[in-house]
Protein chains: 4
Amino acid sequence: MNLPKQISDAARGSEPKGEKGRLRVAAIMEAGVQVFTEKGYDAATMTEIAARSGTAIGSLYRFFPSKESLADALLLRYALHVKNGLAEMAQQVSELPLESVADAFVDFMLVLQSQRSFANSLVDARGASADERARFREVMRGGVADILRRAIPGLSPAKAKLMSVVLLHTLKGVVNTANEEPAIRAMLLTEIRELVRIYLASASGRG
Amino acid sequence: MNLPKQISDAARGSEPKGEKGRLRVAAIMEAGVQVFTEKGYDAATMTEIAARSGTAIGSLYRFFPSKESLADALLLRYALHVKNGLAEMAQQVSELPLESVADAFVDFMLVLQSQRSFANSLVDARGASADERARFREVMRGGVADILRRAIPGLSPAKAKLMSVVLLHTLKGVVNTANEEPAIRAMLLTEIRELVRIYLASASGRG
Amino acid sequence: MNLPKQISDAARGSEPKGEKGRLRVAAIMEAGVQVFTEKGYDAATMTEIAARSGTAIGSLYRFFPSKESLADALLLRYALHVKNGLAEMAQQVSELPLESVADAFVDFMLVLQSQRSFANSLVDARGASADERARFREVMRGGVADILRRAIPGLSPAKAKLMSVVLLHTLKGVVNTANEEPAIRAMLLTEIRELVRIYLASASGRG
Amino acid sequence: MNLPKQISDAARGSEPKGEKGRLRVAAIMEAGVQVFTEKGYDAATMTEIAARSGTAIGSLYRFFPSKESLADALLLRYALHVKNGLAEMAQQVSELPLESVADAFVDFMLVLQSQRSFANSLVDARGASADERARFREVMRGGVADILRRAIPGLSPAKAKLMSVVLLHTLKGVVNTANEEPAIRAMLLTEIRELVRIYLASASGRG
DNA sequence: GATGAATGAGCCTTCATTCAT
DNA sequence: AATGAATGAAGGCTCATTCAT
């Protein structure tokens with residue numbers, strides 16, 4: 001796919017050079033996350049990403065042959081990250097009361113947060129390729145749907161999928177609170193927690 | 001501010017030229033909405049907006065001295081539009097059962113929809129100025145908060161404001177459903193309606 | 001096709017602005033011929049062509065939306081020029097002795113000369129679009145074949161076409177002599193004249 | 001000059017490394033011919049040439065310190081090759097009827113053909129240095145002139161040189177036929193043979 | 001000596017904005 | 001006031017060449 005060339009090389013074995021390459025890729029990706037987050041996909045420039053990561057523009061293009069490929073890689077990495085997180089959550093969820101599950105969702109978004117808002121720009125602003133964006137959405141929805149079915153026994157797969165879409169959107173609200181003043185933000189988070197809680201409760205009742 | 005120059009002129013009195021100017025501004029704004037919606041803020045070009053509105057690029061710049069100012073004006077107009085809609089809703093809301101209020105919110109978003117997604121691009125993609133975006137948010141929140149207080153007697157202003165933020169975000173989900181397949185979309189809307197309903201009900205109970 | 005936008009505009013009527021545009025297009029094309037000739041298609045830069053024609057790079061792109069389109073336009077113009085020249089020659093040819101026809105061919109190439117070598121770069125170096133290059137070749141061959149049939153009664157169309165290819169190539173040699181020292185060049189031209197002469201004579205005999 | 005450094009080294013004596021070096025140089029040159037032929041001088045990249053020859057880019061630059069130097073070396077080698085071919089032809093030519101000499105020229109170009117078109121790119125596209133290109137031309141002309149004097153007794157050196165230029169250009173037409181459809185091509189070749197034949201015959205008569 | 005990651009000048013192209021007409 | 005040609009900064013991207021390992 002759009003994985004950086006170096007990553008696939010590095011996957012085969014990690015010589016000293018691979019090590020340096022990996023560091024560089026990491027630096028670029030970090031810079032990418034930063035710049036995309038700050039400016040949005042279109043306004044972000046490869047030159048700035050290169051500069052911010054201490055890389056020559058040519059080197060950046062060595063690892064990511066296009067702006068889109070960088071966005072894709074970032075999105076993919078993030079998707080993987082989230083997937084793992086959700087998988088973990090899935091394993092603990094069956095033993096948790098529904099309220100805690102709600103909290104877990106919110107907390108999960110809180111943890112992602114910083115890495116998250118850039119994902120929003122890439123997904124919303126058509127930054128990444130259509131494919132990658134679709135994949136991303138699917139991963140998110142699948143992971144959440146899975147948790148929901150464990151948390152709410154008897155929930156049909158279809159219903160879980162539906163809920164995952166709505167829930168995911170609601171949780172996106174958590175990230176958006178980042179722009180509010182701290183005091184307000186805290187209250188907003190509480191409010192969102194409450195909303196998620198009653199959503200799950202309701203579904204549990206209905207289901 | 002970023003109001004079109006002609007608008008302030010026109011405010012003073014409407015000579016034939018003012019009339020023509022108003023028409024032209026309207027045409028530009030319509031074209032602006034179209035192009036921003038289709039391409040997003042960054043990818044939209046002033047030249048295309050001018051062409052699409054049958055205006056010379058120079059004239060466009062006479063009315064809107066920068067791309068951002070056009071985005072600002074569009075956002076402002078939209079905010080006003082929404083404000084009115086919400087104000088209308090506010091007047092009917094006190095006599096409605098809470099479920100109907102929930103539906104009204106969703107239906108309202110559905111009505112806005114087309115005009116709405118462009119607003120999202122401008123707000124999310126930093127198309128408009130930070131000021132205008134903030135103003136936009138405030139208008140939305142204020143209007144919704146007002147409705148909430150009427151729909152749910154005893155709701156404190158602060159709580160209403162808080163809820164408006166969360167509710168607004170949830171309702172944004174309505175617009176996003178536009179990308180889903182029709183069958184799925186219908187179910188998603190139902191799901192969102194349900195969520196809004198229980199949210200209001202819960203607030204009513206808690207309040 | 002790839003005609004400069006301004007040219008088609010100007011074709012409709014020539015207002016003062018059209019006049020300026022035409023001048024500018026002419027300047028650009030002249031600079032294009034120069035630079036393409038000196039450096040070849042690939043090594044030529046749009047920036048230099050712009051500078052050499054006293055045009056801002058943006059303006060250049062207003063008239064010729066891509067490097068290739070400029071090359072195409074240049075080739076087309078040249079093709080038209082040659083076509084006319086050949087058509088003219090065609091009308092005088094039936095009354096001329098074969099030797100004079102041969103000379104006419106060589107002289108014709110001599111006249112074209114300066115404009116010619118750039119055409120060679122564009123055609124040989126894949127500078128222009130494949131279409132335009134094919135069209136160019138066809139025009140040249142058709143024109144020459146036509147002349148041949150008038151000059152050599154009884155020449156079949158197929159044979160004329162064949163001969164036009166060979167003759168055209170031979171005549172290309174005239175242009176190449178431009179790099180030789182004057183004294184040598186004169187003798188080379190005489191030699192080529194002789195070759196063309198005997199080629200025509202032979203064909204006349206054979207035909 | 002632009003000879004590969006290793007070649008001069010190798011000239012002194014051939015240690016194992018010299019042997020390996022010579023192989024490598026050969027591989028690079030082969031790849032160079034391929035890539036230059038396929039893409040033309042400008043579009044060819046050193047990286048691809050390196051890859052195609054199984055050589056590290058750094059090594060390529062050890063042998064050929066610049067793209068131009070590689071082109072020069074290729075042209076030189078080709079010139080030598082042609083020189084030998086012409087020398088061979090020269091020895092058989094005195095016993096051949098003039099028609100066969102004409103055919104021999106055409107056949108010779110046919111044989112070179114594949115290696116030839118790359119030379120055209122390098123020479124026409126200014127790929128190689130001006131010096132090397134001049135040298136190349138001289139070699140070709142000298143070789144052909146020599147043959148001409150043997151084939152046509154009494155031909156003055158000056159006249160032979162003159163004819164060689166014209167003849168060489170005509171023969172270049174043989175290579176160009178490669179782009180035509182096979183049926184057409186066959187006829188073109190016949191036509192060229194005929195032209196060369198009468199050219200030689202004429203010179204023989206005149207001489 | 002071999003390797004290939006790193007470099008950065010420079011290319012083609014776009015587009016917001018200006019200003020002469 | 002209207003027009004649209006002109007401008008040039010800036011962006012994404014390529015590739016010849018270098019140099020640390």
Side-chain angles (χ1 to χ4, degrees), chain A residues 5-6 9 15-18 20-21 24 42-51 54-70, chain B residues 5-6 9 17-18 20-21 24 42-51 55-70, chain C residues 5-6 9 15-18 20-21 24 42-50 54-70, chain D residues 5-6 9 17 20-21 24 42-51 55-70:
Chain A
K5 302 168 189 169
Q6 281 304 309
D9 281 341
E15 337 149 65
K17 288 185 179 175
K20 263 178 61 177
R24 186 161 288 219
D42 285 300
T45 76
M46 292 298 265
T47 304
E48 178 167 6
I49 294 173
T55 302
I57 185 68
S59 300
L60 196 172
Y61 272 90
R62 187 167 188 64
F63 294 107
F64 301 95
S66 74
K67 192 178 180 182
E68 193 186 60
S69 78
L70 175 57
Chain B
K5 300 170 189 171
Q6 280 303 309
D9 283 344
K17 287 190 178 178
K20 266 174 56 180
R24 184 158 292 204
D42 287 294
T45 75
M46 293 300 265
T47 301
E48 177 168 6
I49 293 173
T55 304
I57 182 71
S59 302
L60 195 171
Y61 269 87
R62 182 163 295 293
F63 294 109
F64 302 95
S66 75
K67 192 178 181 182
E68 192 186 60
S69 77
L70 174 57
Chain C
K5 302 170 189 168
Q6 281 302 309
D9 283 342
E15 339 149 62
K17 287 185 179 177
K20 263 178 58 178
R24 185 161 289 221
D42 285 300
T45 76
M46 292 299 264
T47 302
E48 178 168 5
I49 294 173
T55 301
I57 184 69
S59 301
L60 196 172
Y61 271 91
R62 188 169 188 62
F63 295 107
F64 302 95
S66 73
K67 191 179 181 181
E68 192 187 59
S69 78
L70 174 56
Chain D
K5 301 170 188 171
Q6 282 302 310
D9 282 345
K17 286 191 180 177
K20 265 174 59 179
R24 185 158 294 203
D42 286 294
T45 73
M46 293 298 265
T47 302
E48 177 167 7
I49 293 173
T55 303
I57 182 69
S59 301
L60 195 171
Y61 269 87
R62 182 162 295 290
F63 295 110
F64 303 94
S66 74
K67 192 179 180 181
E68 191 185 61
S69 76
L70 174 57

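Please read these numbers as outputs of a predicted model, since none were measured by experiment. Numbers restart at 1 for each chain; the letters A, B, ... are given by sequence-line order, proteins then strands.
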message: Only Watson-Crick and G-U wobble pairs, only distances under 3.5 Å, only runs of 3 or more: what stems does that leave for DNA chain F?
response: E:2-21 with F:2-21
- request: May I ask you to verify if any side-chain N or O of Arg24(A) is less than 4.0 angstrom from the OP1 or OP2 atom of dA5(E)?
  value: no
So, for [X] and [Y], which heavy atoms are closest and what is the spacing to 0.1 Å?
| X | Y | value |
| --- | --- | --- |
| Thr55(A) | Leu60(A) | CG2-N, 3.6 Å |
| Ala50(D) | Ala56(D) | CB-C, 4.3 Å |
| Asp42(A) | Lys67(A) | O-NZ, 3.3 Å |

task: Give the intermediate values and the outcome of side-chain contact (heavy atoms from CB on, under 4.5 Å) for residues Glu48(B) and Thr45(B).
output: CA-CA 5 Å; Glu48(B) 177 168 6; Thr45(B) 75; 3.3 Å; yes
- request: Could you pick out which residue, Thr55(C) or Gly58(A), lies toward the 5' side of DNA chain F when each is mapped onto its nearest nucleotide?
  value: Thr55(C)
Of residues 42-50 of chain C, the positions that come close to DNA chain E - non-hydrogen atoms, cut-off under 4.0 Å: Ala44(C), Thr45(C), Met46(C)
Nearest-Å distance for atom pair [atom1]/[atom2], residues [X] and [N]:
| X | N | atom1 | atom2 | result |
| --- | --- | --- | --- | --- |
| Leu60(B) | dT18(E) | CG | C1' | 14 Å |
| Arg62(C) | dG4(F) | CZ | C1' | 6 Å |
| Lys67(D) | dC15(F) | NZ | P | 9 Å |
| Phe63(C) | dT13(E) | CZ | P | 17 Å |

- line: d(Tyr61(C) OH, Ser66(C) OG) to nearest 0.5 Å is 7.0 Å
Out of [options], which has the shortest distance to the side chain of [X]?
| X | options | result |
| --- | --- | --- |
| Ala56(C) | dC13(F), dT13(E), dT7(F) | dT7(F) |
| Ile57(A) | dA6(F), dG8(E), dA5(E) | dG8(E) |
| Tyr61(A) | dT14(F), dG4(E), dT3(E) | dT14(F) |

